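Here is the structure we will look at.
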Amino acid sequence: MLFAVSAFAQQRTITGTVTGKDDGLPLPGVSVKVKGTKIGTLTGSNGAYSLNVPTSSTTLEFSYIGYTPISREITGGVIDAILTTDSKGLSEVIITGYGSQERGKSAIASTVVKAKDIENIPITNINDILQGKAAGVSVMSTSGQPGASSDVRIRGVGSISASSSPIYVIDGIIMERGQFAKDQAEISSTNSNDVLSNINPNDIENVTVLKDASALAMYGSRGANGVIVITTKRGKAGESVVDFTAQAGTIKPSFGNWKMMSGAKTYDYERAVLKLNGTSQADIDADYPASMLNKTFDWVDAAFKNGKSQTYDLSVRGGNEKTTHALSAGYFKQDGTVPNSAFERFTSNLSVDTKAKDWLKMGLSFNTSFSNQRNADDGGYYSSPILSALVNSPLHVYPYKTDGSLFTGQEADYGGFTGDNFLYSNRLNYNKVKQLRGIGKAYVEAKITPWLSAKQTVGIDLIQAATKTYFDPTTGNGIGGTPATSGQLIQSQNNVYTFTSQSSLFGRFNLDDNRHQFDYLALTEYQRFNSTSFYADGKGSADAKLQELGTFGTPNGVGGGQSEYSFLSYLGQINYTYNNKYSLTSSIRRDGSSKFGANNRYATFYAVGGSWKIIEEEFMKNQHILSDLRLRSSYGTSGVANFPDNDNYLAQQLYTYSGITYDGVAGSAPNTPGNPDLTWEKSKQFDLGLEMAFLGNRFRATVDYYNRKSSNLLLKVPVSRTSGFSTTFRNVGAVVNKGLELSLSSDNFKSQDGFNWTTDFNFSYNKNEVTELFNNQDIPGGSLGRTTVGQPLNSWFLPVWAGVDPKNGDPLWYLADGKTTTNSYATASKTENRKYVGSSIPKFNFGLNNTFRYKDFDLSFFVYAMTGAKIYDQTLSYIDSDGARWGWAYFEDADKDYWTTPGQNAARPKPTSSGNKNSSSASTRWIEKGDYIRLRNVTLGYTLPKQFAEKLKLSSLRVFVNGVNLVTITGYKGVDPEGDLSGNDVFKYPVSKSITAGIKVSL
Amino acid sequence: MKKILIWSVVILSLTFSSCTKQLDLNPKSSLNTNDALSTMEGVQSAIVGMYAKLRDVDYYGRSLYIYGDLSANDVYLSISNSNRYFATFQRTYASNDANITAMWTAMYSTIARANNIINSVDAVSGDQSQKDIAKGSALFIRALGYFDLVRIFAKPYNQGNGSQAGVPVVLVSDVTKYPARNTVGEVYAQIISDLNSAKTLLSATSASTKVTASKFAASALLSRVYLYKGDNANAISEANTVIANTAYAVTPAANLASFYTTPGTAEEIFTVKFNATESLGSDNLGQIYLKPGYGDIRVSSDLTAIFDKVNDVRYTSFIKPFTGSPSELQNNKFAGQDGNLGMYSTKVLRLSEIILNRAEAENKAGGQDTQALADLNRIRTKRGLTALSGLSGTALLNEILAERRREFMFEGQRFFDLMRNGITMERSFCNSPLSVSSPQCSLTATDPKTLAPIPQAEIDANPSLKGQQNTGY
C-alpha cells in the first residue's frame, strides 16, 4: 500500500491567460507545454488555458507561430504570459505552390494579399478583387456581367498571339481557368464566363503572386507570365471557430461620363440638321410634327436596372495538435445590371490535415462548387438591351403598339431596324450556363530522416459545364420562315478532367552548427488534361412553354469534339544559406509536353538567385533607423505553353473533319498549315529587389526593378492568301517588358485602445516594347492597330484626325507630314498617312489602402488608379457620327458645337442625314485617354465590445457596411474607362456599383 | 537509412517513366494532311470540303452576288441600312476594305482546297473512274475560282487583249511561296485548260448532277468564259453542247415564282446547295434585300423602267412593294428555302444563261443574227413576253443584253456584263433621297474605280506584289 502511494506523482492545476504584446488581445491556440515532458495543452478562444502538471515540474513553455516563444517559471497556480511578435526575420514564408521558402533566404519577388483584404467584398471573381492590390499586377475587366473573366497581366504583356495570362495554382496544383462552357449559339460575349468565378473568395487564406525568374523557373514551360498561388483556409489547432457571415445590398450600373441624347433634344437636333442641309421648313414640319414629342421612350433607362447582391458564408475551423479540419459552405448571388443576367454560386469545402504519426502527415480536401449564370447577350447582337440603348432612337423607335402591347420587333411598323425589341424578347429568351466543379486533393508526407522528407500529392479537377440557349419562336433571334424552323434550343455539355500527380523529396540539412544551411527539393509532376464536349441544336418549337430538345421538331445540328494535353516534368531546386546572411538559390526544370512540335518536345528551364540580409551585417548593428534591409536578385528562364485559341495541336498540319458538310455529306478541309518546329515561347527575366523596414518594422518598403525579355514568340506570320491560308504560326517575335515596382506599408498610428491607422501603397510602372518581328514586317491588328518593332504591343495605328474645315464643315485628317490636311478618308487611311498613337496596355498602376481603427470602429478604403492606356471608343464613333447613323440614338453632346456656317471653327463636322465623308470612320478622333482613379472599396465596421458579445454567448460580433466602385474619376467619355486588354470599347456591359451591409458572427 | 533513400529515389523515377509515351497525343477531330489525302475516302471528304467553301458568306453565300449588283444600277443602298457594303455601292474602296479582302481570301481558299486534291489524287490507289471524277470536279472548281477572281480584280479581257495584269495563278498552294500577278491572258488560259480537262474527266457525269460538277457544268462555264474573253466561236460551240442535252429545260413562266426557293430544278446546271441546317442566318443572301432581315438593298427605277410590268412574269413574281415603305420596291427572289429566311442555294449556272450566252456570241460573231434572235425569243416566250422579230446588229445586241438584265437581275451579273461590253454604268436615281449618296453617278468601263483593289493585307504579306496594286489605290 505504501509503495502504491509513492507510485502516484502528485499533480496540481495551473491556469492562466496568454495575450499578445501589441494589442493586449487574448491569443487562442497558443501551445502551453511543461518543459521536458509531453504534457501540454492549447489556449482557448479567450486565451485561457488550464493544465494538470506534476508538482515536480518547474517551467512552462509558451509557443505560437509568428511569435517569439517564451518560458515562464511555475511560481504559483496562475501563470499568465505575454507574447511578442517575432519581428526580426519574421518566419514569414513565401508559398511557392510546390512548397515554401523562408522570405529572408529567398530571391523570390512576390506579393501576398491576405484574407482580410479579400473577405466580404461582393465581387464575383477573385481576379477582380486582386485589382490594384499587388505591385506589378494589372487586372482589367472585360465586362460587367457577373461571372465574367478579367484580363490579368503580371509585369506587362509578354506574348503577341499566345496567351499572356498567368497560371493559377490552387493549394499546390496547377488549375485551369477560363471559359469552358461552350456557347454554341455564340450569343454571349467571349470571356463572359470564367470557371475561376466558381471559387468563393471568402474561402481564400491568401493569394501569393510570384513574379521573378527564380519563382517562375519552378513552373518551367508554363511560368513565364507569372504565377498566382491561391491557398485556401485550413484548420488551425485550437478550439473550433465557427464563423457566420451574411451580407446583402443593392447594385446599380455605373455609367461614368456616358449619357445619351433625350428624345426632345433628338427632335431639335434632327430638325436643325435637315434645315442646315437645305430641306424646306414645310418638309421638316411634315416629317417631324410636334406630336412626335409625345411618344418618346428612354431606351437607356429600360436597358439597365438595379439589382441585389447577397452572400452567406458558414465555416467551422478547428482541431487539435494532431488533426485539423476546416468545413465551409457559402452562397453568393449577384444580379447583373442588364435585365436577365445574374450569377449565383454554391460552394462547399472540406479539408482535413492529420499527423497520423510523428513522422507521417496526411491530408485530404474537397472543394465543390456549382455556379448558375444567366448571360446577357453580347452588345453586338440586335437582341441585346445594351445595343438597343445605343442604337434605338428615343424619338423614332417606340416599343409599344397603339393598343399598348409590345412590338416583337419584326413588325413592319416597328421603328427600329434591329428586328428585335428587347423589352419583348429579353424576358422570353435566355442563355444559361451551369458549371459544376469538383476539386479533390490528397497528400501523404513522410519524414524519413530529419533532413529528408517525401511527399506524394494527387489532385483531380472535374469541371462539368453545361449551356442552354433558348430563342422563343416569336422573337427576332428565334423567328424562322415556317413553324418548323421557328424557335431554337441549343444545349452543350463540356466535361473537363485534369489529373495531376506530384512526387517529391525535400528537406533541409545544416552543417557546422547552422552556418551552412541547405534546402532542397526534387520533384516530378505529371498532368493530363482532357476536355470532351458535344452539343445539339434543334429548331421548330412545339409550344413556347416547352423548352427541352425533345420537343423541338427539326434537328438543326449536332457536333462534338475532344481535346487533350499532357505534361511530364522534373524539377530540382537547391537553396544554400551561409551564416543566415547570404543565400544562393538555384533551380532547374525539364518539361515535356504533347503540345510542342515533334522536333522540340522537351524544354529545360533554370534560374539562379541570391539574397543578402544586409541588416545582419556588422556595420548595420549600430544604426536604429532600419530594422530590416535585404537585397535580392535573380535571373532565369521560363516559358509559355498556352497556345492561341487554346489549340493543343498547333504544330501539326491538319485537315479538320469537324463541322464541314455539303449536301448532307460530311467532309474535310485544310485547317492549320502546321509547323513541326513549333516550340514554346521563351522568357528570360532579371530582377533586382530591395526590401527595407524602418523604425522597428513600422514602415516597410519593397522596391523591384525587372527586365523581362520574351522571345521565340508565336506570331501569326501573314502569308500570301494565294496559299489558302492567311497566316501561319512561327516562333519569331520578341518583346521586352521593363519596369519598376514599389510597395510601402506603414503603421502610421498604433495603439491598443486608441486610434490606429495603417496604409498600404503600391505602384508599378511597365514599359513594353516589341523588339523583333518576322522580317521586321509589321503586323496589322485589324483596321485599328498595328504591331511594329520599337512600339509597344497593342499599339493603335490610325489616320490622324485634324478637326473640321472652317470653310465647309468637312472632316479633315492629316497626311504623313503632320501639316497638310485632306478631306478624303481613302487618302487619310492609307498606311503611309497613319500614325502610332499609344497602346491599350496601361503604363502605371497605383493602389492605396487605408485602414483606420478607433476603439470598436474600423474604416478602410481602397483606391486604385491606372494611367497610360489609350482606349478606342468605338461606341462613340457610332453614336456621335455626324449623321452617318441617321435615325439611330445619339451621344448627349452630338448636338453641340457642330459646323453650321462658313468660317466657323467647330469641333464637329457638318452633320447630314447620311454622314459627312466618312467623318466617323476609324481615326484618332476616337482615341481617348483611359486614365482613371477609382474608389474601389469602402468598409465601415463596428465590433461589439467583448462584454456584450460574451453576454450573447458569442466570441465576436461585427456589423459592417461596404461600398464597391462608388466613385470613379476620369475624363473618358464612354461607359467605363477600364478597358480590357484590347482597349476597344464596343457596346460594353458596364461595371456595377454596390452598397451592402453585413454581419459577421463568430462562436 | 541509406536503403530508404535509395528506395525513395527508385520509386519516384519508376513511377512515371511509363508516362513518357503519353506525350504523343493526336487531335481527335482532325487528320494530318498527308494522311487525309492518301486514300480515296480522304479525297472524297476533301471534295465535300471544297464545295462547302463555296457557301461562304464572302463567296457565293452573299458577297459575290452583291458585288455584281450593288456596283451597278439595278439596285441602290437604302438610307435606312445596317451599314454594310457602303464601299461597293459607292465604288469607293479603301485598299483594306474588309469585304474585298474577305472575297479574295475565300476564293483562294477554295482554290487551295481544289489544288490539294488535284495534286494528290493521282497517287491514290482506287477506282480510276472515281479518281477522274474527283480530279475533274477539283479542276472545275479551280477554274470557277480563278474566273471569279479575274473579273473582280482585273480589267475585262478586251481592255488589253489579255496583256493587262491579272491575278496570281497558283497551282500548288504553299504558305512559303509569294507569287506575283499573272496576266489576264495567262489566267484565262489556265481557266480554259482546266475546264477542258474537267470536261474529259467528268465524261461519266450526266445532266442530273446539279449540285456537284458535271461535264455540262464545265461546258456551261466555258461558254461564259469564252463570252467574257470575246472568243465567240468557242462560246457558241460550248453552249451548243449544253443546250443539246434535252434533260435541261428553261423553267416555264407558270413555275417561275417558286424557282428560286427550290434547288435542283431542270433548268439548273450547277448549283451551290444549302441544306436546311446550313443557313447563314441573318447573313443569307435574301436577308439583305428583305425585311425582317436587313432590307438594305432595294430595287431601282432604272431596272423597273425596262420591264413590261403587266406581262413579264419576272416582274410580277419578284418585284414587290417594299415591306414598311411601299413607295420603294423589294427583290423577292430569295425569300427563303426550307423555312430559312433568305436562304438561297446559289444557281451558279443555268440553262437560260447558256442560251443568252449563245445569243450574244452569235450576234457578235456576225452573220448569225437569225439564230441569235431565235435564242432570245426562246427566253422571252417563257417569261410571258411576246417574241421579237426583225432585229439585227446593235439593236439585237441591246435587246439581248436587256433580256439578260431582266433574267439575271440580283444574280450578280449586271456589273460584269456592263464592263465587258464597254458600257458606261449610269445611275439616274443618283440624287434620290431614298438612296445613300453615291459619288459615282456614272462610271465608264475603263475607269479605274471599276476594279477592286488587291487587298492591302495581301500586298503587305506578299513582297512579289509590291507596286502591282491596281491604279488609284
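Chain naming here is simple, since letters A, B, ... match the order of the sequence lines and numbering starts at 1 in each. Here the structure is a predicted model, which means the values were calculated and not measured. Basis for what follows: all heavy atoms, side chains included, without hydrogens, waters or symmetry-related copies.
Of all the listed residues (S437(B), P179(B), G336(B)), the one sharing the greatest number of non-hydrogen pairs under 4.5 Å with chain A is P179(B). Counting heavy-atom pairs closer than 4.5 Å to chain A, the top residue among G293(B), S109(B), P433(B) is S109(B). Of the listed residues (T722(A), T485(A), T912(A)), the greatest number of heavy-atom pairs within a distance under 4.5 Å of chain B belongs to T722(A). Residue with the most contacts toward chain A among N83(B), N340(B), I79(B), V436(B): N83(B) (heavy-atom pairs, distance under 4.5 Å). Each of T482(A), T661(A), T727(A) has some count of heavy-atom pairs under 4.5 Å with chain B, and the biggest count is that of T661(A). Comparing D413(A), D663(A), D420(A), T672(A) by heavy-atom pairs within less than 4.5 Å of chain B, the highest count is held by D663(A). Heavy-atom pairs under 4.5 Å with chain A peak, among A87(B), S95(B), G49(B), S345(B), at G49(B). Most heavy-atom pairs under 4.5 Å with chain A, from the set A36(B), G324(B), A94(B): that is A36(B). Chain A forms more heavy-atom pairs under 4.5 Å with one residue of L37(B), D35(B), V172(B), T323(B) than with any other, namely L37(B). Ranking I660(A), T418(A), T656(A) against chain B, the residue ahead of the rest is T656(A), based on heavy-atom pairs under 4.5 Å. Contact count against chain B (heavy-atom pairs under 4.5 Å) is highest for S720(A) among S566(A), A412(A), S720(A). Interface summary for chain B: among G592(A), A446(A), P673(A), the most heavy-atom pairs under 4.5 angstrom belong to G592(A).
No donor-acceptor pair closer than 3.5 Å links the side chain of N116(B) to the backbone N or O of R113(B). A donor-acceptor pair is defined here as one N or O able to donate and one able to accept, closer than 3.5 Å; no such pair exists between the side chain of S881(A) and the backbone of S920(A).
Interface remark: K177(B) contributes backbone atoms only to the contact with chain A (heavy atom separation under 4.5 Å). Contact annotation for A46(B): both backbone and side-chain heavy atoms come within less than 4.5 Å of a heavy atom of chain A. Of the atoms belonging to N96(B), it is side-chain heavy atoms, and not backbone ones, that fall under 4.5 Å from chain A. Neither the backbone nor the side chain of S913(A) comes within contact range of chain B; no heavy atoms are under 4.5 Å apart. Residue D338(B) touches chain A through its backbone alone, counting heavy-atom pairs closer than 4.5 Å. Proximity to chain A is limited to the side chain of Y294(B), based on heavy atoms less than 4.5 angstrom apart. Of the two parts of P483(A), neither the backbone nor the side chain holds a non-hydrogen atom closer than 4.5 Å to a non-hydrogen atom of chain B. In this structure, chain A has no heavy atom under 4.5 Å from any part of I111(B). Looking at Y382(A), the atoms closer than 4.5 Å to chain B (heavy atoms on both sides) all sit in the side chain, from C-beta outward. Neither the backbone nor the side chain of A484(A) has a heavy atom closer than 4.5 Å to any heavy atom of chain B. Contacts of Q44(B) with chain A are absent, with no heavy-atom separation under 4.5 Å from either backbone or side chain. Looking at T261(B), there are no atoms closer than 4.5 Å to chain A (heavy atoms on both sides), in backbone or side chain. For a residue to count as touching a neighbouring chain, one of its non-hydrogen atoms must lie under 4.5 Å from one of that chain's; by this rule S325(B) does not touch chain A.
Note that OG of S503(A) and CD of Q456(A) are 3.5 Å apart. Values are rounded to the nearest 0.5 Å. For the atom pair OH (Y51(B)) and NZ (K273(B)), the distance works out to 14.0 Å, reported to the nearest 0.5 Å. Once rounded to the nearest 0.5 Å, the distance linking CD of E525(A) with CG of D591(A) reads 8.0 Å. Residue D174(B) holds its CG atom at 10.5 Å from CZ of F725(A), rounded to the nearest 0.5 Å.
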Check step by step if side-chain contact (heavy atoms from CB on, under 4.5 Å) holds for T831(A) and F797(A). CA-CA 9 Å; T831(A) 311; F797(A) 184 64; 3.9 Å; yes
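Across S723(A) and A112(B), no two heavy atoms sit closer than the pair O-CB, 3.6 Å. Counting all heavy atoms, side chain and backbone alike, R721(A) lies closest to A457(B) at NH2-CB, 3.5 Å. When all heavy atoms of I454(B) and Q469(B) are compared, the closest pair comes out as N-OE1, 2.7 Å.
Checked against the 6.0 Å centroid threshold, Y655(A) and Y657(A) do not count as a close aromatic pair.
By the 4.5 Å heavy-atom criterion applied to side chains, S279(B) and N284(B) are counted as neighbours. Between K291(B) and F417(A) the shortest side-chain heavy-atom distance falls below 4.5 Å. Inter-residue side-chain proximity for K917(A) and S824(A) is flagged as unmet; no heavy-atom pair is nearer than 4.5 Å.
Aromatic ring pairs are classed by plane angle as parallel below 30°, tilted from 30° to 60° and perpendicular above 60°; the pair W104(B) and Y108(B) is tilted.
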